[in-house]
2 protein chains.
Amino acid sequence: MKNGRRRGRTGTGAGRGDGSRIAILQTARELFARRGFRGTSLASIADAVELSQPGVLHHFPSKTELLLAVLRQRDTEDGRLASSLRTREGIDLIRALGGLVAHNQASPEIVRFFTVLTSEALADDHPAHDYFVDRYRQIRARIERNLRRGQESGEVRCDADLEAIAPIVVAVMDGLQLQWLLDRDVDVLRSYDVFARMLIQYLEQGSAAEL
Amino acid sequence: MKNGRRRGRTGTGAGRGDGSRIAILQTARELFARRGFRGTSLASIADAVELSQPGVLHHFPSKTELLLAVLRQRDTEDGRLASSLRTREGIDLIRALGGLVAHNQASPEIVRFFTVLTSEALADDHPAHDYFVDRYRQIRARIERNLRRGQESGEVRCDADLEAIAPIVVAVMDGLQLQWLLDRDVDVLRSYDVFARMLIQYLEQGSAAEL
DNA sequence: GTCTATATGAGGATAGAC
DNA sequence: GTCTATCCTCATATAGAC
């Protein structure tokens, strides 16, 4: 008794149509978040969406393509979120990222998805390797750019090393969330707030705004 | 032609004795660092040390036990390093951790080992899950404790929230190293130095030492 | 669109010879 | 201490029926 599924349909081929595709994408994201890409079998995804394993591969030509589809989907969904950050410049960006951290507290699965997959994708033959290299470059570049606008407006001290600061901001968010995923007692929001205070104070020193 | 090994020995059972055990531990650490625990096969380890796969299992009863042995070994080796940090208190600890970051730049494999395995071990059924939960608790506790000594000596402002700061310090180190592993252009040392300046300035504000 | 059946291969672990 | 041979399970992917 290996195949423990019990679909009500009689195999006429009616199916769920597009609904299956959507269900597969969501379930794949959840399971990839738990066990990584390599650690997740197509069969486990199939079970969760109540399809056979080849049923899953009907919608995506391969497991790798499924992962890439999940990443593309998240990109479009995150597009809205990212664009709401686009206009936040200088000190305001640091506070806005606190809002993102707060928002993430409600979505441990998404946080875990990116945490687990980023580490797995350190291997340069991982299907998502290039994706994550690019992702981090873009995030750092955006933070640096928006902080620089604050510098140009005189809000941020002109001698702040923004190229060094952008990776720090990313590191704090990632690193705190990693600790939180491992141990929910870690208070990400409290720590981020202390960091933000520290950073803002540093950025404002000697700025035109301070005078 | 599947088994691509060509040992010179004739199978008399002489072997390398203890040398094999050592070689297995080191190779396992390297491969776990690259592909994680789940992503590494015993066969790949066996190939690298020029043993058969059952030959590897002669030294460790299972793959899980091999991982735990690797972790135990790192703990004893890191013991020396950790004890050199034990006496660094207050502001001095923040600078000493910069030395650790610098030291890590020469050992990407070790950094990657911990990065990859920590994320993989987020799964609560992972063989190293408890190990990493404990590890992070201990690291945070030690940082908090050593900063508190600086507080007691008056070097660090007394209203600093050390329970919030300890996770930040860990996050910055982990997060910067993750970005560096993904993209060697990231300048971990430069970013850590900026962070350290920022944090030290924050900690010194309103301290007795400042007066 | 979904299934069953199957090809093909990899992985962990064990038995038993030398 | 190490090997060969083997077992069993699991995984991805494909072929072809309905």
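The analysis underlying the following values was restricted to heavy atoms, covering all of them including side chains, and did not include hydrogens, waters or symmetry mates. Lettering of chains follows the sequences in order, A, B, ..., and the numbering in each one begins at 1.
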Contacts of B:Pro54 and A:Pro54 projected onto DNA chain D by closest heavy atom; the upstream (5') one is B:Pro54
Heavy atoms only, 4.0 Å cut-off, all strands: where does B:Thr40 land among base, sugar-phosphate and nothing? sugar-phosphate
Can you find a side chain N or O atom of A:His58 that sits less than 4.0 Å from OP1 or OP2 on D:dT14? no
Is the base of D:dA11 touched by the side chain of A:Gln53 through a donor-acceptor pair closer than 3.5 angstrom? no
Between D:dT2, C:dT4, D:dA11, which nucleotide gets closest to the side-chain atoms of A:Ser52? C:dT4
Nearest-Å distance for atom pair CZ/P, residues A:Phe37 and D:dT12: 8 Å
Rounded distance (Å) that lies between atom C1' of C:dG12 and atom CZ of B:Arg38: 15 Å
note: B:Phe32, atom CZ; C:dG11, atom C1'; distance rounded to Å ~ 13 Å
Within this structure, what is the CD1-to-P distance between A:Ile24 and C:dG1, rounded to whole angstrom? 11 Å
I want to check a possible cation-pi pair here: B:Arg135 against B:Phe114, using under 6.0 Å from ring centre and within 45° of the ring axis as the test. yes
Less than 4.0 angstrom between a side-chain N/O of A:Ser41 and OP1 or OP2 of D:dC10, yes or no? no
Base, sugar-phosphate alone, or nothing: which one does A:Leu57 contact when heavy atoms must sit under 4.0 Å apart? base
Output yes when B:Arg190 and A:Glu163 qualify as a salt bridge under the 4.0 Å nitrogen-oxygen rule, no when they do not. yes
Short side-chain to backbone donor-acceptor contact, A:Ser44 and A:Ser41, under 3.5 Å: yes
Separation of A:Leu42 atom CG from D:dA13 atom P, in whole Å? 6 Å
Rounded distance (Å) that lies between atom C1' of D:dT12 and atom CG of A:Leu31: 16 Å
Only one of A:Val186, A:Leu182, A:Asp183 forms a side-chain contact (heavy atoms from CB on, under 4.5 Å) with B:Tyr136, so which one is it? A:Leu182
Distance, rounded to the nearest Å, where B:Lys63 contributes NZ and C:dA10 contributes C1': 11 Å
Side chains of A:Arg34 and A:Val116: does their closest heavy-atom pair fall under 4.5 Å? no
Examine D:dT2: is either OP1 or OP2 under 4.0 Å from a nitrogen or oxygen in the side chain of B:Ser20? Give yes or no. yes
B:Leu66 CG - C:dA13 C1' separation (whole Å): 14 Å
